[in-house]
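In what follows, every chain begins at residue 1, and chains take the letters A, B, ... in the order their sequences are listed. Everything quoted here is computed from the prediction, not taken from an experiment.
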Amino acid sequence: MRECIIKKEEADELDIVRLDGALDSYSFPRLETTLNGLRDSQRNRVILDCGGLDYISSAALGALIGFARRARENGGDLKLVRLSPKIYNIVELLGFHKILEIHSELDEAAAKFRNG
Amino acid sequence: MMEQPASGAFLATFLFFLLALTSGALFFAVNVIRRLRRERDELNHQKEVIFGFIHDVGDVFVHSEDVDLDRMLSRVLFYAERTTHAGAGAVYLYDKTEDAFRARAVSGIFPPLTGEPDARLEKAVSKSQHIERLIRARPIRRGEGLVGEAADFGVPILIEDAERDPRVPQYDHEFLRIRSILLVPMRFLQRILGVLVVVNRVDGRPFIQADLSLLQALADQASVSIHYAGLRDSLDEKQRIDHDLHVARQIQTALLPKAIPRVEGVELAAFNHPAQEIGGDYYDFIRIDEEHLGIAIADVSGKGIVGAIMMAISRSVLRAQAAVNRNPSEVLMAVNRVMFEDIAEDMFVSMLYMVLNVRTRELVVARAGHERPAWSRAHEKSFTIIDSPGLALGIADKETFEGALREETVRLKPGDVVVAYTDGVTEAMDEGGEEWGVDRFLGAVSNAAPDGANAVLNNVQQRLMRFVGGVEQYDDMTLLALRILE
């Protein structure tokens, strides 16, 4: 599996975390560090760009829900964008599309943050 | 007569020379004896040092089987100082994760070999403790300073007059001054494990070649033990993980049905193929009453012991609820209420729970985020995927979970086959990393469905094993099948 490359960008009030590769139990701790860092600096409006993501383990998905929940408790959210059909199928099978907010495009999620 | 005085003078001269010669010889002899004595003493001293050293080396390593690395290193250091009469010393070991050397043992006031002591030194209550903390905290990169040099080239470095050598840091503090320094590499099978360093002989004299030879001999011995201690550490870690997996496997095995129940009018079959790492699959058949049979299949998101315990909790709650409720969605709702309260927020369980009325052949399906079951009708090649919306257990609150869950009811006929599975089956990989996939799986099911539930099971297993070859799978594979009999 491809090693996951994690890139973080700041855009106004938002943070965009771009994923490229596979998120499994080995690479997830690095994403966890990034997301914890954002939370610690009170940056709770995060968009996770999954455009380059080709695998995600179910444990990693569970952990993302935890992050989204805590972001919401602090007035923000963790929204997922640009999921491949394969990854969307996994999310949908688990029913997690009922918990996580998912958008097809980044602008759409950003607009949702702006307009509440 | 003329010769007399001459002979007298000659005698006197002769005597004088004889005396001079004798005393010279005597003087010479005394000197020789003195030198020989000194040499003998020195040799005796060296012999003592070497015997002492041999004894020390034996003492360091005789118990190396049951001594931990840090304790062994401080003993190496103690004897290194004793052998070379050094005032302070340190053992630097290579740390693979950092790709740097770190001081694993420090003795005496060992001055930093790279960087400067920080400003807090002046305020430190115990200066020696402050310096030791500094040395332990500061990694030395490959090729950095004298330690890096000794490691990179794998050769010992002896600097007799360190105060004139530009490679040696100079400090104003008297207690940090380095007058003489000796570094030897620690090697095992061409690999550099670390560097042993001593500074400043207590007698104020510089280190000599003999000190270097003894220190290198000690370092060579220590390297063997360090190498095996490292192996032992990773072996211990592996054994711990293996033990955890073994315990988890025992729990999981204990939770699975010992035998497939015999139910009139239905043929049942199931298999669970455990993976290298535990995926936490679970299946169950629950006799609710004479007419109703509960059928469950689940996959826990956590691995190892945590996953096994999660599975044990879900099973207990499921069995308790199933016994008092014939409605599968209500059972799952009750399970979720308990799980959401009690388990870590990141973990979840996907579960499919179906209740079959063996008399009416009505199958009610409730799905908590699990793979959808496939329904193969008798005399038909195509499948119906029984889809019913729902969320995995343990991750959503009551409102969200119960708002999402809907059950589906299907009326089965004789010859119909229903299969349920975990993603380990369809995501099983071959050598090239290709997944077996849902299509190949359904192909294997439909091919054998006319011959019954056990035939389906065997066919899926055979084709799956042929596909993956000898490749070890990372996730559990679980499959269950039922066929309605005439």
Side-chain angles (χ1 to χ4, degrees), chain A residues 1-4 21-36 39 44 46 48 53-74 77-80 83-102, chain B residues 277-281 298-304 306-307 310 332 336 339-340 343-352 366-373 385 387-397 399-406 421-424 426-427 429 433 435 437-438 474-475:
Chain A
M1 262 182 281
R2 268 196 314 144
E3 175 69 9
C4 195
L23 260 192
D24 53 19
S25 49
Y26 300 100
S27 53
F28 191 76
R30 286 193 292 118
L31 177 61
E32 215 163 15
T33 309
T34 307
L35 295 179
N36 277 330
R39 198 188 54 199
N44 292 303
V46 184
L48 204 60
L53 194 65
D54 39 42
Y55 170 84
I56 185 163
S57 70
S58 56
L61 265 177
L64 286 184
I65 288 180
F67 277 104
R69 192 169 285 148
R70 282 189 293 272
R72 283 171 199 173
E73 283 164 7
N74 292 309
D77 195 9
L78 173 76
K79 300 187 201 294
L80 273 56
L83 274 71
S84 70
K86 193 186 157 203
I87 287 174
Y88 184 79
N89 281 343
I90 297 170
V91 173
E92 198 248 24
L93 187 72
L94 289 163
F96 289 174
H97 60 305
K98 305 261 182 193
I99 308 176
L100 293 165
E101 201 179 297
I102 296 163
Chain B
E277 281 178 56
I278 284 212
D281 281 7
D299 188 351
V300 176
S301 73
K303 291 180 190 295
V306 180
M310 284 259 294
L332 288 183
N336 184 65
M339 303 278 287
F340 183 64
I343 68 171
E345 66 165 5
D346 297 358
M347 298 184 82
F348 59 88
V349 179
S350 78
M351 187 185 279
L352 178 74
R367 193 179 65 87
H370 197 83
E371 269 63 26
R372 300 166 180 97
I385 303 295
D387 195 6
S388 53
L391 256 160
L393 296 162
I395 199 138
D397 57 37
E399 286 66 37
T400 314
F401 183 87
E402 295 178 10
L405 192 70
R406 294 280 173 280
Y421 60 98
T422 58
D423 57 2
T426 48
E427 289 173 9
M429 279 184 194
E435 281 185 6
V438 179
Y474 287 95
D475 203 359

**Item:** Heavy-atom check, side chain of A:Arg39 versus side chain of A:Asn44, under 4.5 Å
**Value:**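 Yes, close enough: below the 4.5 Å cut-off.
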**Item:** Partners meeting salt bridge (Lys or Arg N to Asp or Glu O under 4.0 Å) with A:Arg72 (sequence neighbours left out)
**Value:**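 With sequence neighbours excluded, A:Arg72 shows a salt bridge (Lys or Arg N to Asp or Glu O under 4.0 Å) to A:Asp77, given in chain and number order.
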**Item:** Residue list, side-chain hydrogen bond (donor to acceptor under 3.5 Å, both in side chains) with B:Glu371, at least two apart or on another chain
**Value:**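 Expected list: none.
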**Prompt:** Within the side chain of B:Asp299, is there an N or O that forms a donor-acceptor pair under 3.5 Å with the backbone of B:Val349?
**Reply:**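 No; judged by distance alone, with no hydrogens or angles, the pair does not exist.
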**Choice from A:Ser57, A:Gly62, A:Gly95 maximising heavy atom contacts with chain B below 4.5 Å** =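 So the answer, after comparing A:Ser57, A:Gly62, A:Gly95, is A:Gly62.
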**A:Leu93 portion near chain B, given a 4.5 angstrom heavy-atom threshold** =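 Both backbone and side chain.
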**Request:** Under 4.5 Å heavy-atom distance to chain B, tell me which part of A:Phe67 shows up: side chain, backbone, both or neither.
**Result:**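 Neither part.
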